[in-house]
Structures are given as structure tokens and as C-alpha cells.
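The analysis underlying the following values was restricted to heavy atoms, covering all of them including side chains, and did not include hydrogens, waters or symmetry mates.
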Amino acid sequence: MDDNHSHTALNYFSKAAQAGEFLVTAEVAPPKGGNPTHMIEMAATLKGRVHAVNITDGSRAVLRMSSLVASAILLQQGIEPICQMACRDRNRIALQADLMGAHALGIRNILALTGDPVKAGDHPEAKAVFDLEAVRLLQLIRKMNQGVDCNDKPLTDGATDLFAGAAVDPQCASWSGLQSRFERKIEAGAQFFQSQLITDFERLEKFMDKIASVHKKPILAGIFLLKSAKNAQFINRCVPGVNIPEHIIDRLAKAKDPLEEGVKIAAEQVQVARQLCHGVHVMAVKREDLIPKILDLAGVKPVDLVVAK
């Protein structure tokens, strides 16, 4: 991009992915309200420790600031965002409009998601859109990168240059369903994958060996900071497809300092993931400031970035 753009794109994440480095990303939720200060403070603790910060898009269908705007705010702070984009709330016109806007702002990484059902969230009466789903959104991004819109009409003011990723759930009950959806996302142009939170690492290993290894795209294992036994039980109840094992819940219940124990467990999981896949995606809801500590305990060195001025 030329110098008179106020926003410079950061693309260390895609370079590190293409270079085969061990990738580290973390998740940060946008604010609920107009003040981004807390989000900026949390993301700032991750500078130099992660390749990029994921900004959620109405995760669990709960209202938050636009992921596109929150990503632009982080970019201004010199933090590379991965902007999640869900199909739940926008039709194909709005999705394309936002993708062009993301490119213009210098946001290069998009995580293409179908989106959680509206009924799960805090606005259950809202109208769900789902004009597209994740695979078709990936196909759309590929078209826009080639300089055409979803109807193959030229983008007369320039193609986009977006690095698109997708979600994968190696713990999915249906193995054939997991495989076909993963392969469809690869065919549609996914360049990297972030997994849901992993508790069954044997299952992750099987997924890596049997399905992912053929395709050579980076897989980042989802690592979740559990803050207490109660927190773990809540996740088992409320997050579909996740089953935190009893022995972990027991460890948290017996710990003098459950949060400290949660940090240790997450660090151990990062070490296991390191042996199996190409990266980790760390989620520490409302305690993003503990992520560097988790990475230190796991022996993950600061990432090698030329920090943007």
C-alpha cells in the first residue's frame, strides 16, 4: 500500500503461516458499548506474544461492537487483527461491503464463520439471515480476491487481498461429517483453521494424522483458560460439542488457587498441542492479560515480529 494511506496492513500472520512457523493467536471480544479502552488494554498485553488477535463477531449471538470496527481500532494500535465474520447477521450484499471495507482499512485476515444460532444469544427475537454459510463465504472471499463480486461482475475499484481462515471442530461426533466439511472449506480457499476448544487431544491427533496432514494448511488448536470447576461445568452445560473431562474439573475443584491451576492446565495443553499441530488459538475470556503467562509456562517464546511503528 502506498504511504498516503493512514492504515498500513500488517500481514505477519500470513507470512508466519506460509513460513511454517508455530502460530499463536488469541481471542479478544469487542466491547459492549462505545468505549474500546478495555479491549485495547487487553489486546496490548498480547503484543509481541501472538501473531494476531481474533476479534469475535457476535459470538454466541450475544451483542457486541462490530468486529470490523474493533479490528480497525486494534490495527491503529499496531496489533494485527483476525476479523471474524459470521453469516448470521448479514446477507451477501452486506458481507461483500464489509469485506471491501476490511481490505481498505488494512485488515487482511478474515475468519469465515457460519455463526451461532440467534436463539442461543441475548436477542432471541432477532431475525437470522444466513444468506450464506462458511463454505460459501470462503468461496466469495476467493472471488473478491480475484477481482469479481459474487455474481462474477468485476470489482471496478480493485480486488481485495484477504487471507481467509475457517473454524474446525476435531471433536465433532461425526467423523465423516468433519472430514467432508473440512475438505469443502479447503476447496473453497481456507488458508488456515482455528479449532473449537480442545479437550480430547487423542481425537485431535487422529484428526491431524488422518485428515489434516494431507492438506498442509496450518491448524491452530483452541486452548481455553478454565477459571474454576464451576466455570468448567458451565462450559460443559452450555457449549455444544465440548466435554471437559472430570479429572480436569477435579484438579480445579481441589486447587488452592483455581485460576492459577487453570493457567497451568492451559499451559500443559499448549505443550501437547505443540507436538500435534501448527499452532494454538488461546481463549481466556475477560483475562486475556494471563495469556503471556500461559505461553511462558508452556515455553512458547515471544513471536518474532518487526513491531509496526
- Item | Inter-residue atom distance R60.CZ - C238.SG, 0.5 Å rounding | 8.5 Å
- Item | L297 reachable from I198 in the ILVMFWY side-chain graph, under 4.5 Å edges | yes
- Message: A cation-pi test, strictly: NZ or CZ of K210 under 6.0 Å from the centre of the six-membered ring of W175 and no more than 45 degrees from its axis. Yes or no?
- Response: no
- Message: If hydrophobic clusters are built by linking Ile, Leu, Val, Met, Phe, Trp and Tyr wherever their side-chain heavy atoms come under 4.5 Å apart, do M283 and V280 end up in the same one?
- Response: no
- Hey, does the side chain of K119 reach the backbone of P124 with a donor-acceptor pair shorter than 3.5 angstrom? yes
- V168, L113, I82 screened by side-chain contact (heavy atoms from CB on, under 4.5 Å) with Q194, the one that passes: I82
- Query: Any side-chain heavy atom of D152 within less than 4.5 Å of one from Q146?
  - Reply: no
- Item | Side chain to side chain, N236 and I249, heavy atoms closer than 4.5 Å | yes
- Query: Is L204 reachable from L178 through a run of hydrophobic residues whose side-chain heavy atoms are each under 4.5 Å from the next?
  - Reply: yes
- Message: Strictly below 4.0 Å, N to O, side chains only: are R49 and E288 in salt-bridge contact?
- Response: no
- Message: Between H281 and A221 (side chain of the first, backbone of the second, donor and acceptor by atom type, cut-off under 3.5 Å), is there such a pair?
- Response: no
- Query: Looking at P31 and M39, what are the two nearest heavy atoms and their distance?
  - Reply: CD-SD, 3.8 Å
- Query: Is the shortest distance from a Lys or Arg side-chain nitrogen in R92 or D131 to a carboxylate oxygen in the other one below 4.0 Å?
  - Reply: yes
- Atom CZ in F207, atom CZ in F193: separation rounded to 0.5 Å? 7.0 Å
- Item | Residue pair V135, T114: steps toward the side-chain contact (heavy atoms from CB on, under 4.5 Å) verdict | CA-CA 8 Å; V135 173; T114 299; over 6 Å; no
- Start with the C-alpha distance between K143 and D149, add both sets of side-chain angles, then the distance that settles salt bridge (Lys or Arg N to Asp or Glu O under 4.0 Å), and finish with yes or no. CA-CA 6 Å; K143 281 189 170 193; D149 69 14; over 6 Å; no
- Message: Could you tell me if Q179 and E183 have a donor-acceptor pair between their side chains, going purely by distance under 3.5 Å?
- Response: yes
- Query: If only atom types and distance count, is the side chain of R108 paired as donor or acceptor with the main-chain N or O of L10 below 3.5 Å?
  - Reply: no
- Task: Check whether L137 and L162 end up in the same hydrophobic cluster, where Ile, Leu, Val, Met, Phe, Trp and Tyr are linked by side-chain heavy atoms less than 4.5 Å apart.
- Result: yes
- Message: Distance check, rounded to the nearest 0.5 Å: K264 atom NZ versus L225 atom CG?
- Response: 13.0 Å
- Task: Please tell me if the side chains of L252 and S228 come closer than 4.5 Å, counting only heavy atoms from C-beta onward.
- Result: no
- Message: Any non-hydrogen side-chain atom of L111 less than 4.5 Å from a side-chain atom of F192?
- Response: yes
- T25 side-chain N/O to V53 backbone N/O, donor-acceptor pair under 3.5 Å: no
- Item | SB check K47 E80 (cutoff 4.0 Å) | no
- Nearest heavy-atom contact between P258 and K256 is CD-O, 3.5 Å
- Counting only N and O atoms by type, is there a donor-acceptor contact under 3.5 Å from the side chain of N91 to the main-chain atoms of A94? yes
- Taking 4.0 angstrom as the limit, do E133 and R181 come out as a salt bridge? yes
- Look at R90 together with D57 and state whether they make a salt bridge at an N to O cut-off of under 4.0 Å. yes
- Task: Determine, using the 4.5 Å side-chain heavy-atom cutoff (strictly less than), whether V272 and I265 are members of one ILVMFWY cluster.
- Result: no
- Item | Distance (rounded to the nearest 0.5 Å) between L95 CG and M85 CE | 7.0 Å
- Note on the structure: Value for SG (C150) from CD (Q139), rounded to nearest 0.5 Å, stands at 11.0 Å
- Task: For atom CG of L63, decide whether the heavy atoms of other residues, nucleotides or ligands shown that lie under 6.0 angstrom number more than 12.
- Result: yes
- Query: Do the side chain of K32 and the main chain of M65 share a donor and acceptor less than 3.5 angstrom apart?
  - Reply: no
- In terms of heavy-atom contacts, L290 and V263 come closest through CD1-CG2, 4.2 Å
- Message: One pair to check against side-chain contact (heavy atoms from CB on, under 4.5 Å): Q275 and M208. What are the steps and the verdict?
- Response: CA-CA 11 Å; Q275 307 305 311; M208 292 304 302; over 6 Å; no
- Query: If you look at every heavy atom in I223 and A266, which pair is closest and at what distance?
  - Reply: CG2-O, 3.6 Å
- Working for salt bridge (Lys or Arg N to Asp or Glu O under 4.0 Å), residues R251 and E268: CA-CA 13 Å; R251 261 182 81 175; E268 289 162 18; 2.8 Å; yes
- Query: What distance separates D169 CG from Q196 CD, expressed to the nearest 0.5 Å?
  - Reply: 5.0 Å
- Query: For A26 and V50, which heavy atoms make the closest approach, and how far apart are they?
  - Reply: CB-CG1, 4.1 Å
- Hey, does N54 have a side-chain heavy atom less than 4.5 Å from the side chain of V28? no
- Task: Indicate yes or no for a side-chain donor-acceptor contact from N109 to the backbone of P81 under 3.5 Å, with no hydrogens or angles considered.
- Result: yes
- Query: If you take all heavy atoms of M100 and T160, which pair is closest and at what distance?
  - Reply: CA-CG2, 4.2 Å
- Residue pair I291, T45: steps toward the side-chain contact (heavy atoms from CB on, under 4.5 Å) verdict: CA-CA 8 Å; I291 290 174; T45 66; over 6 Å; no
- Message: Using a 6.0 Å cut-off, check whether atom CG of D157 has over 12 heavy atoms from anything other than its own residue.
- Response: no
- Task: Can you tell me which residue pairs pass the ring pair (Phe, Tyr, Trp, His ring centres under 6.0 Å) test with a partner in residues 213-267, sequence neighbours excluded?
- Result: F182-H215
- Do D200 and N243 have side chains that get closer than 4.5 Å, going by heavy atoms? no
- Message: If you define the side chain from C-beta out and look only at heavy atoms, does anything of L23 sit under 4.5 Å from F13?
- Response: yes
- Task: Determine yes or no for a side-chain-to-main-chain donor-acceptor pair under 3.5 angstrom, with K227 supplying the side chain and L259 the backbone.
- Result: no
- Task: Have a look at Q84 and tell me which of I55, L68, T56 forms a side-chain contact (heavy atoms from CB on, under 4.5 Å) with it.
- Result: T56
- Query: Taking Q191 for the side chain and G189 for the main chain, is one N or O donor matched with an acceptor at less than 3.5 Å?
  - Reply: yes
- Item | Donor-acceptor under 3.5 Å (Q171 side chain, L197 main chain) | yes
- Task: Using the ring of F130 (Phe, Tyr or Trp, six-membered ring only), decide whether R88 places NZ or CZ under 6.0 Å from its centre and within 45 degrees of its axis.
- Result: no
- Query: Taking it one step at a time, do M42 and R287 satisfy side-chain contact (heavy atoms from CB on, under 4.5 Å)?
  - Reply: CA-CA 8 Å; M42 284 294 157; R287 288 308 308 264; 5.7 Å; no
